[in-house]
Amino acid sequence: MQSLNQDRNTQSILRDSFGRQINYLRLAVTDRCNLTCRYCRPRNTGSPKAALLSYDELLRLVRVFASLGISKVRLTGGEPFARTGFIGLVKEISKISGINNVCITTNGTLCFDHIKELKKNGVSGLNFSLDTLSPERFRQITGADLFHEAFASIMEAVLQGIKVKVNVVVLDALNTDELLHLAGLAENLPIEVRFIEPMHFNGRKNFTTSTWTISSLARFFREKIPGCTEALSASPSTARLFTARNYQGRIGVIGGHSRTFCHTCNKVRVTPLGMMKTCLYDKEVLDLKKMLRAGYADQALVRAIHDTVQKKAASGTEAASGADATCSMALIGG
Ligand code: SAM
């Protein structure tokens, strides 16, 4: 593996056929979750452990991706903290040469006690999912009475100086009366609160497009929040970001369904079952688990990943033709 990392400087940067540089890996470590969010998954089942990539396999993959110029890794799931030994994995990933940005997406209910340690081990960002500020609604949306645990983790992460983003899925008739309250978290805390259009990855056959789109969300916040203006984003971002007068943090809107940010996409994903995806919306495009377990050498993995990236679709809309419309986000890694 040493040689892979030594080769890093001599290898070309991972670029797709549209010239987009790919430097960001979303790695889903489990499809298990302790919540059953109604927009994500119908029931709380997970695959058998042997079907998931082992920690050794995950580490090997991250090293291979790092040799291709991936510098940012986001760990997700399922709920990553629901997998035993997850903290050890985070520590090892943050030591990998070339990886300079390790972030985690979590529901916050299982991580409070680990936040200090994560900070010490170089985790630079935590994205928390929180769709409501009402404990009762939290239970209705997630199936679990764990609002206070989730909220305490957010506060602890802020206290520890970790970069915090809060993801809110905008759910018609469920939390749209709370949009200003939720945005107000960014008034008093130095965090980004991002409002996401629901996507069809809910693990069910039925999906209704939200009446709230990124355009209507942007208009709403501009109209309702004093001094709310759009901020220019320096780096590729899935979110349109807004600042507001007297706000410590920022508000973001993410067109997950509208797919307005694909031209700046810099990501690839690996699902909990070891399938590579070059777009949230594509059909799984490379069976990395099969390659790992068949004994392929690192250089073969590098070549296969490189070739797969060349086939990355121009946009999520183009990629969606092959996608499984009934898949849960927990099986992809959101
Ligand atoms: N368990 C972690 C969590 O709750 O953040 C990580 C996995 S979760 C699948 C990752 C993100 O996907 C969350 O922010 C969640 O809100 C989002 N998500 C899940 N299903 C979604 C859907 N159908 N539409 C939009 N976002 C979704």
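The structure presented is a predicted model; accordingly, all values stated were derived computationally and were not measured. Counting starts at 1 for both ligands and their atoms, in listed order.
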Original post:
Tell me, which protein residue and heavy-atom name are nearest atom 9 (C) of ligand 1, and how many Å apart are they?
Top reply: Met329 CG, 3.5 Å
**OP:** Check each of Ala150, Gly78, Gly203 against atom 1 (N) of ligand 1 and report the one with the nearest heavy atom.
**Re:** Gly78
**OP:** Could you tell me which atoms of ligand 1, counted from 1 in the order shown, lie closer than 4.0 angstrom to a heavy atom of Thr76?
**Re:** 6 (C), 7 (C)
Original post:
So, Glu156 and Lys116, do they make that salt bridge, N to O below 4.0 Å?
Top reply: no
Subject >> Leu110, Ile141, Thr142 screened by side-chain contact (heavy atoms from CB on, under 4.5 Å) with Leu35, the one that passes >> reply: Thr142
Subject >> Donor-acceptor side-chain pairing of Ser67 and Asp298 below 3.5 angstrom >> reply: no
**OP:** May I ask you to identify the nearest protein heavy atom to atom 8 (S) of ligand 1, giving residue, atom name and distance to one decimal place in Å?
**Re:** Gly77 O, 4.4 Å
**OP:** List every atom of ligand 1 that sits less than 4.0 Å from any heavy atom of Pro198, numbering the atoms from 1 in the order shown and giving each element.
**Re:** 24 (N), 25 (C)
Original post:
Does ligand 1 have an atom under 4.0 Å from some heavy atom of Gly256?
Top reply: no
Original post:
Tell me: protein heavy atom nearest atom 22 (C) of ligand 1, and distance?
Top reply: Tyr39 O, 3.6 Å
**OP:** May I ask you to identify, for Thr106, whether its side chain, its backbone, both or neither come under 4.0 Å of ligand 1 on a heavy-atom basis?
**Re:** backbone
Original post:
Is Arg303 close enough and on-axis enough to Tyr296, meaning under 6.0 Å and within 45°, for cation-pi?
Top reply: no
Original post:
Of all the atoms in ligand 1, which lie at a distance below 4.0 Å from a heavy atom belonging to Met199?
Top reply: 22 (C), 23 (N), 24 (N), 25 (C), 26 (N)
Subject >> All pairs passing ring-ring contact (aromatic ring centres under 6.0 Å, His included) where residues 206-228 contributes a residue, at least two apart >> reply: Phe195-Phe221, Phe207-His257, Trp212-Phe220
Original post:
Is the shortest side-chain N to carboxylate O distance from Lys95 to Glu92 below 4.0 Å?
Top reply: yes
Subject >> Connected-component partners of Leu52 among ILVMFWY, side-chain separation under 4.5 Å >> reply: Leu273
Subject >> Option from Val123, Leu58, Thr30, Val29 for which side-chain contact (heavy atoms from CB on, under 4.5 Å) with Leu75 holds >> reply: Val29
Subject >> Closest protein heavy atom (residue, atom, distance) for atom 26 (N) of ligand 1 >> reply: Val169 CG2, 3.6 Å
**OP:** Would you check if there is a donor-acceptor pair between the side chains of Ser54 and Asp56 at a distance under 3.5 Å?
**Re:** no
Original post:
Relative to the heavy atoms of Asn167, which atoms of ligand 1 are at a distance of less than 4.0 Å?
Top reply: 14 (O)
Original post:
Would you say ligand 1 has an N or O under 3.5 Å from any N or O of Glu197?
Top reply: no
Subject >> Residue and atom name of the nearest protein heavy atom (relative to atom 4 (O) of ligand 1), distance in Å to one decimal >> reply: Ser129 OG, 3.2 Å
